[in-house]
Amino acid sequence: YRGGLDVQQTLYDGGMSQANRSVTKAQTAVEVASNDVDLYQVRDRVNDLYFGWLLAEERLRLNDALMTLLKDNVERIEALYSNGVAMACDVDVLRAEMASVRQQRIELESTRMALRQTLSLFCGKEIGCVSKPEAQLAADRQRPELTLFDRQLELLTAREQALRVRLMPRIGLFAQGYYGYTGLDMYRDMFHRSPTLNGLLGARLSWNLSSLYTHKNDRGKLMIGRQEVENARETFLFNQSVLSTQEQQNIKRYQELIAEDAEIVTLRRNVREAAEAKLRGGIIDTNNLLQELTREHQATINQCVHEVEYLKAIYELNHIQGK
């Protein structure tokens with residue numbers, strides 16, 4: 001029976017405490033960098049939603065412009081029909097096209113609303129409207145994936161250091177004291193069966209040699225992990241270069257298309273205006289006019305799509321290059 005106190009104080013642990021702190025700090029940095037990578041991927045989704053909404057807005061604007069043209073031509077054909085120059089079917093053709101345009105507007109409004117609500121959820125706040133951003137390449141920055149690779153290599157370095165210090169000996173002090181029976185003086189206890197106060201002070205040197213048996217394998221695993229991170233970095237840089245080249249080519253392609261769009265739209269508008277004049281003169285029917293209206297509308301849609309896709313390609317390039 002006894003009651004006592006045992007105190008131990010490490011003087012030298014081979015650097016294990018520092019190594020463990022370094023590993024913990026490196027693990028935290030890896031988790032932060034991984035979270036940054038996940039958030040950066042959300043930006044790509046936000047870009048898709050933003051430019052999809054922008055394209056829907058532009059197509060709604062063009063839809064309104066087409067509806068205005070159709071209304072004007074319906075009024076002209078109705079006037080001709082009142083004067084006995086046109087037939088009722090001519091009016092019906094344009095009215096049927098107006099109904100089709102109204103259906104397209106319903107679909108576009110539904111698409112715009114869905115994109116708006118989804119984008120608002122991603123941004124965490126209500127988004128009221130969108131506008132065309134500036135077509136400008138941003139300054140160079142490092143992608144968060146590269147930062148993550150750096151942090152992973154730092155973690156492996158910290159673990160390698162912890163693996164080395166496991167081979168080092170430990171030195172410490174200890175103090176033991178207790179009151180009870182039997183005590184440290186065994187000769188006295190043979191004659192006196194009573195509790196005594198006992199104490200012991202000393203230094204301890206300990207060396208765990210079991211780490212020697214697994215050191216080589218553990219070190220090999222860390223080397224393989226380092227090679228995997230380096231390979232992942234090289235693969236990422238290669239894919240980044242390929243995607244950047246593709247987006248740069250897309251930007252160039254859209255620039256060339258946009259340069260031709262303005263002339264095509266102008267020519268289609270001239271042909272449509274000439275068709276309206278011919279219809280008023282009774283030279284062509286409403287089907288021919290409707291064809292020219294459709295071609296002009298498609299040309300304006302192509303121009304709008306090319307402009308939005310051009311802006312999107314610029315922002316995709318910025319995203320790929322971490323700008």
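Hydrogens, waters and symmetry mates are skipped; everything else that's a heavy atom, side chains included, is used.
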Next on the checklist: Salt bridge or not between Arg233 and Glu145? Use side-chain N to carboxylate O under 4.0 Å.
Outcome noted: no
Can you give me every donor-acceptor pair (side chain of residues 45-52, partner residue at least two apart or in another chain, under 3.5 Å) with its distance?
{"unit_1": "Asp48", "atom_1": "OD1", "unit_2": "Lys312", "atom_2": "NZ", "d": "3.3"}
{"unit_1": "Tyr50", "atom_1": "OH", "unit_2": "Ser131", "atom_2": "O", "d": "2.5"}

For Tyr315 and Pro133 the tightest heavy-atom approach is OH-CB, 3.2 Å
Using modelled atom types and a 3.5 Å cut-off, is there a donor and acceptor pairing between side-chain atoms of His192 and backbone atoms of Arg188? no
Anything under 3.5 Å between a donor and an acceptor, one on a side chain of residues 193-200, the other on a protein residue two or more places apart or in another chain? List them.
{"unit_1": "Arg193", "atom_1": "NH1", "unit_2": "Tyr181", "atom_2": "OH", "d": "3.4"}
{"unit_1": "Thr196", "atom_1": "OG1", "unit_2": "Asn198", "atom_2": "ND2", "d": "3.1"}
{"unit_1": "Asn198", "atom_1": "OD1", "unit_2": "Leu184", "atom_2": "N", "d": "2.8"}
{"unit_1": "Asn198", "atom_1": "ND2", "unit_2": "Thr196", "atom_2": "O", "d": "3.0"}

| said: For the residue pair Arg204 and Phe174, would you count it as a cation-pi contact if the rule is NZ or CZ under 6.0 angstrom from the ring centre and within 45 degrees of the ring axis? | reply: yes
Sorted by chain and number, sequence neighbours left out, salt bridge (charged side-chain N to carboxylate O under 4.0 Å, His left out) with Glu78 holds for Arg95
Phe238 meets the ring pair (Phe, Tyr, Trp, His ring centres under 6.0 Å) criterion, sequence neighbours left out, with none
Glu160/Arg219 salt bridge by N-O under 4.0 Å criterion | no
query = Are Leu148 and Leu156 co-members of a hydrophobic cluster defined by side-chain heavy atoms under 4.5 Å apart?
reply = no
**Asked** Does the pair Thr182 and Arg2 meet the rule for a side-chain contact (heavy atoms from CB on, under 4.5 Å), with working shown?
**Response** CA-CA 8 Å; Thr182 60; Arg2 66 179 62 181; 4.0 Å; yes
Q. In the single-linkage hydrophobic clustering (I, L, V, M, F, W, Y; side-chain heavy atoms under 4.5 Å), do Leu153 and Leu222 co-cluster?
A. yes
(Q) For a side-chain contact (heavy atoms from CB on, under 4.5 Å) check, start with the C-alpha distance between Gln248 and Lys252, then their side-chain angles and the critical distance, and finish with the verdict. (A) CA-CA 6 Å; Gln248 289 171 353; Lys252 182 179 179 181; over 6 Å; no
Do Leu115 and Leu62 share a hydrophobic cluster (ILVMFWY, side-chain heavy atoms under 4.5 Å, transitive)?
yes
Taken in chain and number order and not counting sequence neighbours, the residues that satisfy side chain to side chain contact (heavy atoms under 4.5 Å, CB included) with Thr266 are Arg269, Asn270
By side chain to side chain contact (heavy atoms under 4.5 Å, CB included), Asp6 pairs with (sequence neighbours left out) Gln8, Gln176
Going by atom type alone, with no hydrogens or angles, which donor-acceptor pairs under 3.5 Å involve a side-chain atom of residues 19-32 and a protein atom two or more places apart or on another chain?
{"unit_1": "Asn20", "atom_1": "ND2", "unit_2": "Met16", "atom_2": "O", "d": "3.3"}
{"unit_1": "Arg21", "atom_1": "NH2", "unit_2": "Gln18", "atom_2": "OE1", "d": "2.8"}
{"unit_1": "Ser22", "atom_1": "OG", "unit_2": "Gln18", "atom_2": "O", "d": "3.0"}
{"unit_1": "Thr24", "atom_1": "OG1", "unit_2": "Asn20", "atom_2": "O", "d": "3.0"}
{"unit_1": "Thr28", "atom_1": "OG1", "unit_2": "Thr24", "atom_2": "O", "d": "3.0"}

Those residues at least two apart in sequence (or on a different chain) that pass ring pair (Phe, Tyr, Trp, His ring centres under 6.0 Å) with His319 are Tyr40
Looking at Trp53 and Thr111, would you say the former's side chain and the latter's main chain have a donor-acceptor pair under 3.5 Å?
no
Hits for side chain to side chain contact (heavy atoms under 4.5 Å, CB included) against Asn239, two or more places apart or cross-chain, chain-then-number order -> Thr235
message = If you apply the rule side chain to side chain donor-acceptor pair (under 3.5 Å), what do you find for Arg295 with Gln298, and how did you get there?
response = CA-CA 5 Å; Arg295 290 169 181 169; Gln298 186 60 48; over 6 Å; no
message: Tell me whether Leu290 shares a hydrophobic cluster with Leu69, the cluster being built from Ile, Leu, Val, Met, Phe, Trp, Tyr side chains joined at under 4.5 Å.
response: yes
| So, does Arg116 use its side chain to make a donor-acceptor pair with the main chain of Ile127 at under 3.5 Å? | yes
Excluding Leu60, membership of its hydrophobic cluster (Ile, Leu, Val, Met, Phe, Trp, Tyr; side-chain heavy atoms within less than 4.5 Å) reads Leu108
Any side-chain to backbone donor/acceptor pair from Thr286 onto Val93? Under 3.5 Å, distance only.
no
* Using a strict cut-off of less than 4.0 Å between a Lys/Arg side-chain nitrogen and an Asp/Glu carboxylate oxygen, indicate whether Glu230 and Arg226 qualify as a salt bridge. => no
> Would you say the side-chain atoms of Gln240 pair up with the backbone N or O of Ile320, donor to acceptor, closer than 3.5 Å?
Replying inline: yes
Under a 4.5 Å side-chain heavy-atom rule over Ile, Leu, Val, Met, Phe, Trp and Tyr, are Ile264 and Ile301 clustered together?
no
Check: Just by modelled atom types, is the Gln227 backbone N or O under 3.5 Å from a matching donor or acceptor in the Asn231 side chain?
Finding: yes
Walk me through whether Thr147 and Asp36 qualify under side-chain contact (heavy atoms from CB on, under 4.5 Å).
CA-CA 9 Å; Thr147 302; Asp36 291 340; over 6 Å; no
The salt bridge (charged side-chain N to carboxylate O under 4.0 Å, His left out) partners of Arg61 (sequence neighbours excluded) come to Glu58
| said: Atom CZ of residue position Arg43 - does it have more than 12 heavy atoms of other residues, nucleotides or ligands inside 6.0 Å? | reply: no
Test salt bridge (charged side-chain N to carboxylate O under 4.0 Å, His left out) on Glu256 and Arg253 and set out the steps. CA-CA 5 Å; Glu256 295 175 355; Arg253 174 166 60 91; over 6 Å; no
Crowded around Arg59 CZ? As in, over 12 foreign heavy atoms under 6.0 Å? no
Residues passing the side chain to side chain contact (heavy atoms under 4.5 Å, CB included) test with Met98, sequence neighbours excluded, are Met67, Leu70, Lys71, Val74, Arg102
Can Asn287 and Gln291 be counted as having a side-chain donor-acceptor contact under 3.5 angstrom? no
